[in-house]
Amino acid sequence: MASSSTKIALSSSDSNNATTWQNFKRLVSYAKPYKLGFVAAILGMLGYAFIDVYFLSKLQPLLDEGLSGDNVDFMKWAPLFIISAFIIRGLAHFVANYCLSWVGNNVVADLRQKLFEHIMAMPVAFHDKQSTGALISKITFDTEQVLNSVSKSILVIVQQSAFVLGLVGLMFYYSWHLSLIFLLIIPVIAVIVTLVSKRFRKVSKNIQGAMGEVTTAAEQTFNGHKVVLTFGGQQREFDRFGKINKHNRQQRMKMMATKSASVPIIQVIASFALAFVFYAITSDTLRDTISQGTFVSVITYMVMLLRPLKMLTNVNAEFQQGMAACVSIFSILDHEKEKDNGDKKLARASGTLSFKHVDFSYVKSDTTQEVKLALSDLTFDLSPGETLALVGRSGSGKSTASSLLLRFYDATSGEILIDDTNIEQFELKDLRKQFSYVSQQVVLFNDTLSNNIAYGKPEATEAEIIAAAKSAHVMEFSVNMPQGLETNIGENGALLSGGQRQRVAIARALLCDAPFLILDEATSALDTESERHIQDALQTLQQNRTSIVIAHRLSTIESADKIIVMDQGKIVEQGTHQSLLAKQGAYAQLHSFQFE
Ligand code: ADP
């Protein structure tokens, strides 16, 4: 599990191989619809920096002309100038921050939506491998990280670079000798920044992974809350979470260590340059050519440069963090979606279904080794309205067969036909509309009973919902609920019992009224009252539908038109209940196990 999130990051995506610059360009392309806001933000940032530089450019005249009393006008206009400059500066600040955040929030909302839709459109095999927690962390944490880091970085880079350029310009304007000394340190700073950014990139990527691990661990434990309590696993879970939590903290501290060390190092180097300037000024030639005002101004500019240099160094960490999050998001977006190449429409199938020599393996074959087949040479035909029961030990491939029908996976070889057409030729949406699926693990949403019933047919009228609820014996218990069918049933239907949940699932399938039914029968024994209701409801559901029943208890399938006994993905016997009993083979054996 520890590697679950890196699994995604290491997947075969382009985004990992792309340079930071390419990823940044890709991110910026998401901002295209919000160009105007972006331009306004940049103008705001430049305006802000310009006012600051302009202010500082008045330092020398203030010292040499204003304060010395040589230029009376200068001092007269100063108060007015100060107020107007601060008003403009304030406006620029507002525009820069507001517009940047407007663009950033829009981009992140778009990215988050795209990511959500993309994850939902991924093949089932992708979801089999990924931990939900890591995916959730991408949608919540990584997108937020992009917003915070990248927009803050842009703000600092544009505003502070403009400020630095302005200051350096002023310095050169007043004394290029002194400025040159100061500028000698820039290559040294550049080398340090490059080294540090490499480390930032590495640590940021680890942080991304570590955050995914935290969510995964929490999500898994909360989901299995009852199991943890029952088996007294609290301490083990605390320890496991503690380890992951510690790893996350360590990664963050590494980041902080690099961040905290890089700024003072750069400032110390800058202080050398500053010290050298002080030393140089003592030489007579320089002292004669420079006024007091110029000297104080240039020194002030140099000191003023330290802060933006610090911010620009720090922004690197911020930016690398944002880009690491970006890579993590892009690596998902670059994953191929579920294939939907079929172009045939299918409004409502007549109900014939055949499997022709279907092989399937969960593992992609590479020629070097033989892969284990989950289904091997599965062949059968069903006419409209017939019921097929699949029986066999657990792991024999029964559920896999139904997954192939819904195209959660595609057959490795052979064909599955509906109405004599290979199911891969249909549009996925149309194909899946042909099936109602009632499984033993009923998934219910945190919504009202009636909305849960109408999940497959949101346009259903109230009368239709009530009719389905009646046929599936949901009414029997819903009348005792505070708001009847309009009662909210809690997260994953926490308020309902196992039998009640199944009845809701049956009502849902009834309302869908699809021509095929896949029924993964409950293994758990229900009380006789529930059992009778459910059997009743199921019979109603199977009427006029081609049904595939994954049977765990043989008592319920005696009337099936066909029974297929499977073992290790192969058909070992097929026939009707009577003919199979007469054969005295595998089915008869299973039967005698269950009834003796
Ligand atoms: P049944 O429904 O009869 O209990 P399944 O169809 O679930 O059997 O499983 C058939 C075989 O495929 C088993 O060996 C099982 O371990 C394997 N299998 C099932 N689901 C997956 C999956 N998502 N990934 C890899 N192997 C799987």
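Indexing begins at 1, ligand by ligand and atom by atom, following the structure's order. Start at 1 with the first residue, then count along the sequence. For the numbers below, each heavy atom of this structure counts, side chains included, while hydrogens, waters and symmetry mates do not.
- At a heavy-atom cutoff of 4.0 Å, ligand 1 is contacted by both the backbone and the side chain of Thr400.
- Screening Ile423, Ile416, Asp419 for a side chain to side chain contact (heavy atoms under 4.5 Å, CB included) with Leu353, the sole residue that qualifies is Ile416.
- With respect to atom 4 (O) of ligand 1, the closest heavy atom belonging to the protein is Gly395 N, 2.7 Å.
- Between Glu464 and Thr461, some side-chain heavy-atom pair lies under the 4.5 Å cut-off.
- Of the listed residues (Ser394, Gly569, Gly397), the one carrying the non-hydrogen atom nearest atom 8 (O) of ligand 1 is Gly397.
- Under 3.5 Å, the side chains of Gln539 and Gln543 contain no donor-acceptor pair of N or O atoms.
- For Val228 against Glu237, the heavy-atom pair with the smallest separation is CG1-CG, 3.8 Å.
- The environment of CZ in Arg348 is crowded: more than 12 heavy-atom neighbours from other residues, nucleotides or ligands sit within 6.0 Å.
- Remark: ligand 1 atoms within the under-4.0 Å shell around heavy atoms of Ser396 are 1 (P), 3 (O), 8 (O).
- Judged by a 6.0 Å distance limit and a 45° cone about the ring axis, Arg26 is positioned over the six-membered ring of Phe330.
- In the displayed structure, Lys433 atom NZ is contacted under 6.0 Å by more than 12 heavy atoms of other residues, nucleotides or ligands.
- Only the side chain of Lys372 comes within 4.0 Å of ligand 1, judged by heavy-atom distances.
- The neighbour count for Glu336 CD, taken as heavy atoms of other residues, nucleotides or ligands under 6.0 Å away, does not exceed 12.
- Heavy atoms from both the backbone and the side chain of Ser399 come within less than 4.0 Å of ligand 1.
- Remark: atom 1 (P) of ligand 1 lies closer than 4.0 Å to at least one protein heavy atom.
- Residue-ligand proximity: Arg393 is placed with a non-hydrogen atom under 4.0 Å from ligand 1.
- Side-chain contact between Leu375 and Leu404 is present, with heavy atoms from C-beta onward closer than 4.5 Å.
- Within 4.0 Å of atom 21 (C) of ligand 1, at least one protein heavy atom is present.
- Of all the heavy atoms of Tyr409, the ones lying under 4.0 Å from any atom of ligand 1 belong exclusively to the side chain.
- Nearest protein heavy-atom contact of atom 23 (N) of ligand 1 is Asp128 OD2, 3.0 Å.
- Scanning all protein heavy atoms for the shortest distance to atom 19 (C) of ligand 1 gives Tyr362 CE1, 3.4 Å.
- Ligand 1 places these atoms under 4.0 Å from at least one heavy atom of Ala374: 12 (O).
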